Structures are given as C-alpha cells and as structure tokens.
Amino acid sequence: MKFVRATGTYRVGSHAVPSDGPVLSVRAGDLVPDDHPLLEDSLISRGWFVETEDVPEWTMDIDDTLIRDNLQDLEDRRDAILRDLHQAQLTRSAGGGERVDNLNKAITNIDRERTKLETKLRLIERARNGQIAMDSGSGPDGDAEIREREGRTHRTASMSDDQRTALRMIEGDRFASDQAKELGTTVVERDPHGLAARWARTAADPAYATAFAKLVADPERGHLEFSSDEQRAFARARHEQRAMAIGSGSAGGFMVPFALDPAIALTNDGSINPIREVARTVTTIGSQWAGVTSAGVTSSWTAEGDEVGDNSPPLAQPDIAVHKASTFVPFSFEAEGDAVDLLAELSRIMADQKAIHEAEAFVNGDGSGKPHGLVARLGAGQTVPTATAGTFAADDVYKLSEALPARFRPNARYLGSLPILNALDQFETGNGAKKFPSVANDPAVLLRRPLHEVSEMADDPTVEGANIMVVGDLSNYIIVDRIGSTMEMVPHLFGEEGRPTGQRGALLWWRVGADVFVPNAFRRLQVAAAG
C-alpha cells in the first residue's frame with residue numbers, strides 16, 4: 001500500500017458531504033493511504049498532499065484495536081477497584097486496613113500497565129505520522145519501546161513481504177506466550193529461504209486457529225461451520241503443508257496452529273526435561289540442521305614484515321538429522337464441549353509427554369530413528385574410569401573435573417542421577433565434614449560448577465561399565481526442533497468388543513534431532529571393571 005503525506009491541516013470531505021458523513025481530518029505530516037475514498041487526485045495536484053519518502057511498513061499494518069480494548073478493560077477494572085476502595089476506607093477502622101493496602105497495590109499495577117499501553121499507542125501514532133524519534137519523558141519503557149521498534153524496522157527493511165507478514169502475524173497471536181513469539185520471530189528472521197515465514201504466516205493466522213478448533217471439536221463435521229475466512233485459511237494451510245512436507249498433508253493430518261505447536265509452546269522455561277534446559281537448542285524448518293565446528297584455532301607470534309603463519313583451523317561440517325516422534329491422547333465427547341479450553345489442555349498434555357519422551361533419547365539415544373544421546377554418544381576418548389572397580393569415590397570427582405580440557409571448563413556443568421547426587425552429598429572428609437557441601441544447595445553446585453539431576457542416567461555406582469556422571473560445556477550438545485507439527489484427529493475410538501467408547505483421539509507427531517557437536521567438550525565418569 002502506498003501513502004501520501006499532508007502538507008497542512010485540512011478537513012477533506014466536509015464541503016461535499018452532509019455534516020454527519022465521513023470527514024478526513026489531517027494535520028501537517030499525517031500519512032494517508034493514496035486510495036482513501038475521500039482523497040481526490042486534484043488534492044494531490046494542488047499540493048495538499050505529496051508522495052511520501054520511505055515509511056516503515058510495520059507502522060501501517062499495526063492493528064491497535066486490541067491495545068485500545070485492553071486499555072478500556074483496565075479502565076473498567078480500575079473503576080471497580082476504586083468503588084471497592086471507597087467502601088474499604090469507610091470500614092478501615094473495623095479491620096479493613098489490609099484490604100485498603102491490597103486495593104491500592106492493584107490500582108498501582110493497573111496504572112503501570114496502562115502507562116505501557118498508552119506508550120505503545122503514542123509510538124504507533126508518531127510512526128504513522130512520520131515522527132519516529134527518540135522522545136524523552138515518554139513514560140516507563142517508552143524509549144526502550146521506540147528503540148525496539150526502530151530496530152525491528154531496520155531488520156525488516158531487507159526482508160520479503162512473506163517475512164514481514166509472518167512477523168506481524170506472530171506479534172498479533174493472542175494465544176502465544178512471549179517466549180513463543182520471540183522464538184518464532186527469531187526463526188523467521190534467520191531463515192534465508194522464507195520457509196519459516198510461510199509456515200508462521202499460515203500457522204499464526206487467527207482464522208486458521210479457530211478453524212482448527214472446530215475440527216478438534218468435531219472432526220467429521222467441523223468444516224461445515226467454517227466461515228469464509230476460516231475456509232481460506234484452512235485451504236492455505238493445506239497447500240503450505242504439502243509444499244513444505246509438514247506431516248502427511250493429503251493423508252488427513254492438520255498443521256498445528258502456531259501457539260499450540262510443541263516446538264514453539266514448549267520452551268526451556270519450566271521444562272521437565274533437564275537436558276533441554278541446559279543444552280543448546282536450535283529451531284529449523286528443514287529435515288536437518290548443518291553447522292560448522294573446529295577442533296581449535298592456532299595462533300603464532302609474527303615479527304614485523306614477516307609472513308603470518310598458517311593458523312587456519314581444521315573445520316568440519318556435521319549435520320543433525322531430525323526424527324519423527326508421536327504421541328496419542330484420547331479424550332471424551334464431553335471434553336470437546338469447549339474447544340478453546342480443550343485445545344489448550346491438549347497442547348499442555350502433549351508438550352509434557354513430548355518432554356518425557358525426548359528425555360530418554362537425549363541421554364541414551366543411539367541415533368537410529370531417534371536423536372543421539374549425550375551420554376551414549378561419547379566414546380573411549382571422553383571416558384574417565386573410576387579409580388577402583390565397582391566403586392565410586394570422592395577422588396573420582398576430582399579426576400573427572402581435571403580430565404575436561406581447560407577451554408571448556410568455564411561453562412562446564414555436571415550431570416548425574418539422584419542416587420549419584422545423594423552419594424556426592426554423603427562424601428565426608430576425615431574429620432566428618434562434608435566434602436562437597438554445595439551439592440545440597442538450591443541450585444546444586446559441584447566444584448564451583450552447576451550440578452543437574454538427570455533421572456535417565458545410570459544410578460548404581462557399583463555396576464561395572466555404568467556411566468554415572470558427565471561434565472562438559474552443554475552448548476556443544478545441540479537439540480534441533482523442526483517447527484511444523486502435525487495433528488490428526490481420530491473421530492471415534494472403539495473398545496475391545498468393537499463398540500464406540502464415546503471418545504475421540506488426537507495423534508500428534510513432530511520431528512526432533514540431537515547430537516554432540518564437539519565430543520571433546522565432555523567427559524563421562526564410568527565405573528571401572530575388574531581386571
């Protein structure tokens with residue numbers, strides 16, 4: 001869409017239409033779409049409006065309706081609290097003092113939130129009027145908001161229309177968390193091929209989210225209730241699903257909406273998967289993720305005028321394949337009564353099961369149809385045996401620590417199962433003091449480095465060959481999430497006698513991979529074998 005800029009203050013249309021008809025009021029510098037119904041060519045030719053210079057596209061497409069609605073909600077809540085506050089103040093002497101304090105705090109929180117929303121509205125207004133500038137005194141977080149918007153404008157200047165549209169769709173998704181939006185934005189901005197933008201533009205479409213909800217509520221007839229917008233969104237999703245090879249497309253699976261996709265909804269915060277919490281996680285739209293690693297760069301001293309030495313590092317380009325995993329959740333006909341709540345609950349349950357399912361693979365996976373596990377992937381060169389066969393002693397911890405190369409020690413972390421952590425907590429010095437007292441801290445620390453409980457690791461320190469501890473820089477264990485999960489609805493489930501059980505089923509499948517990128521960044525402690 002193109003815009004023109006007003007050169008003065010006018011009321012366009014007031015002389016040609018009834019007083020209660022449409023009027024375009026503009027001030028000098030205001031931007032107006034060049035196809036506005038009240039904007040005549042003669043007004044442009046007379047110099048009332050001039051062609052604009054480049055204007056950040058995001059400023060033209062922001063829908064501030066939601067912000068204004070939220071402001072109105074805050075005003076209504078504030079009015080209600082003020083009424084309660086007045087009543088509480090009347091009864092303050094009769095024990096209402098605590099309630100007055102709580103109500104005053106609630107008003108303070110509302111005023112703080114209202115200030116932030118008003119700041120956003122002022123920012124949008126300045127941007128639309130071509131006045132994006134660093135204004136001081138714009139309220140809490142105002143300048144930071146402006147800097148963020150200006151930064152986004154510069155970043156999106158070289159993006160495709162699909163990418164810019166996708167970012168707007170992600171930002172406007174009412175159901176997605178801030179972490180999900182941040183992750184989705186990063187994926188779109190870093191994808192040079194535009195596949196992530198196509199996925200986000202489709203999966204974050206609110207019309208597709210409501211269409212998906214109707215299909216979950218009634219897999220057989222839900223499509224009959226689609227609005228025209230939902231029909232278009234669903235058709236576009238099916239097309240993109242086939243084009244991007246997400247799921248099986250024509251086989252009946254549906255692209256999962258942006259806010260419900262486990263690869264987006266499940267972030268490191270609150271994850272029950274400890275490996276995912278501390279490993280490096282990347283998101284891709286392809287079937288594998290490729291990176292570059294090096295065993296290390298060498299350096300040399302060079303005299304003035306001498307040719308520098310060949311310090312080029314030996315580079316490798318390993319790639320991490322993603323593997324298909326699935327989970328199935330049955331639910332009753334009654335549970336589908338409220339489709340929105342059902343979707344949220346399904347997303348939570350499936351994300352939780354996804355974390356549990358992946359946890360074992362991230363530790364012990366053999367890479368055959370599943371991710372490579374961190375412990376299983378390490379070899380003899382990264383293995384430190386205990387000093388005594390079938391025994392775990394405090395000296396083994398120091399031995400493990402010293403075996404890790406110096407370059408990986410600053411960011412190192414220790415991993416072990418709960419029985420191993422308990423054993424560490426019970427090691428004592430000769431006078432009865434704890435040898436590793438910080439193991440009992442929250443969070444736990446071992447030899448000045450973080451210590452994490454990983455239930456999937458070996459828990460019996462007397463079993464020969466058991467890998468009971470790992471230390472290393474976890475940024476070198478990479479988990480790859482492939483965005484674009486697929487869900488297929490099973491309309492009816494049947495019991496053993498072949499009769500319906502009054503249940504439906506949701507089958508979700510996704511793709512994930514993981515591997516050790518730099519094996520030398522880790523050492524594992526293995527219980528030595530006799531002889």
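If you're wondering where the values come from, they're calculated on a predicted model, not measured in any experiment. Along the sequence shown, residues are numbered consecutively beginning with 1.
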With a 4.5 Å cut-off on side-chain heavy atoms, are [Y] and [X] touching?
X      : Y      : answer
Arg523 : Ser401 : no
Phe362 : Val454 : no
Phe408 : Asn476 : yes
Thr391 : Thr386 : no
Val527 : Val463 : no
Ser485 : Leu508 : yes
Leu507 : Ser326 : yes
Phe328 : Leu493 : yes

Minimum-distance pair of heavy atoms, taken over all atoms of [X] and [Y]:
X      : Y      : answer
Arg276 : Glu358 : NH2-OE1, 2.7 Å
Ala412 : Leu404 : CB-CD2, 3.7 Å
Leu400 : Arg524 : CD1-C, 3.9 Å
Arg198 : Thr202 : O-OG1, 2.9 Å
Met255 : Ala203 : SD-CB, 4.0 Å
Pro257 : Ala209 : CG-CA, 4.2 Å

- Task: Check salt bridge (charged side-chain N to carboxylate O under 4.0 Å, His left out) between Arg201 and all other residues, then give those that pass, not counting sequence neighbours.
- Result: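 Arg201: salt bridge (charged side-chain N to carboxylate O under 4.0 Å, His left out) contacts with Asp162, Glu240.
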
- Item | Contacts of type salt bridge (charged side-chain N to carboxylate O under 4.0 Å, His left out), residue Arg413, not counting sequence neighbours |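 Partners of Arg413 by the salt bridge (charged side-chain N to carboxylate O under 4.0 Å, His left out) criterion come out as none, since no residue qualifies.
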
From [X] atom [atom1] to [Y] atom [atom2], the distance as rounded to the nearest 0.5 Å:
X      : Y      : atom1 : atom2 : answer
Met457 : Asp459 : CE    : CG    : 10.5 Å
Arg409 : Leu447 : CZ    : CG    : 11.5 Å
Phe522 : Gln382 : CZ    : CD    : 10.0 Å
Leu421 : Ile468 : CG    : CD1   : 11.0 Å
Ile320 : Ile478 : CD1   : CD1   : 5.0 Å
His492 : Thr501 : NE2   : OG1   : 10.0 Å

- Message: Just to verify, which of Leu374, Val470, Val278, Asp515 counts as forming a side-chain contact (heavy atoms from CB on, under 4.5 Å) with Tyr477?
- Response: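 Per the side-chain contact (heavy atoms from CB on, under 4.5 Å) rule, the option paired with Tyr477 is Leu374, out of Leu374, Val470, Val278, Asp515.
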
So, [X] side chain and [Y] main chain: donor-acceptor pair closer than 3.5 Å or not?
X      : Y      : result
His323 : Lys370 : yes
Arg377 : Val516 : no
Asp481 : Thr281 : no
Glu225 : Gly222 : no
Lys399 : Pro385 : yes

- Check step by step if side-chain contact (heavy atoms from CB on, under 4.5 Å) holds for Leu525 and Phe392. CA-CA 9 Å; Leu525 182 64; Phe392 175 40; 3.6 Å; yes

- Query: Stepwise, does the side-chain hydrogen bond (donor to acceptor under 3.5 Å, both in side chains) test hold for Ser227 with Asp229?
  - Reply: CA-CA 5 Å; Ser227 66; Asp229 287 342; 5.3 Å; no

Residues two or more places apart in sequence or in another chain: which of them pass ring pair (Phe, Tyr, Trp, His ring centres under 6.0 Å) with [X]?
X      : answer
Phe436 : Tyr398
His357 : none
Tyr208 : none

- Message: With side-chain contact (heavy atoms from CB on, under 4.5 Å) as the criterion, how do Met469 and Ile420 come out once you've worked through the C-alpha distance, each side chain's angles and the decisive distance to 0.1 Å?
- Response: CA-CA 8 Å; Met469 287 188 69; Ile420 301 303; 3.7 Å; yes

- Item | Note: Arg232-Asp205 ion pair, threshold 4.0 Å (strictly below) |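 No, this pair does not count.
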
- Message: Please determine whether side-chain contact (heavy atoms from CB on, under 4.5 Å) holds for the pair Gln526 and Leu378, giving the CA-CA distance in whole Å, both sets of side-chain angles, and the decisive distance to 0.1 Å.
- Response: CA-CA 11 Å; Gln526 188 176 86; Leu378 303 180; over 6 Å; no

- Item | Pairs satisfying side chain to side chain donor-acceptor pair (under 3.5 Å), at least one member in residues 415-425, at least two apart |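 Listed once each, the pairs are Asp425-Lys434.
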
- Task: Apply the test side-chain contact (heavy atoms from CB on, under 4.5 Å) to residues Phe258 and Trp199: give CA-CA distance (whole Å), side-chain angles for both, the deciding distance (0.1 Å), then the verdict.
- Result: CA-CA 9 Å; Phe258 173 82; Trp199 163 76; 3.5 Å; yes

- Message: For Phe226 and His223, take the angle between the two ring planes, folded into 0 to 90°, and tell me which bin it lands in: parallel under 30, tilted 30 to 60, perpendicular over 60.
- Response: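 If you compare the ring of Phe226 with that of His223, the planes turn out perpendicular.
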
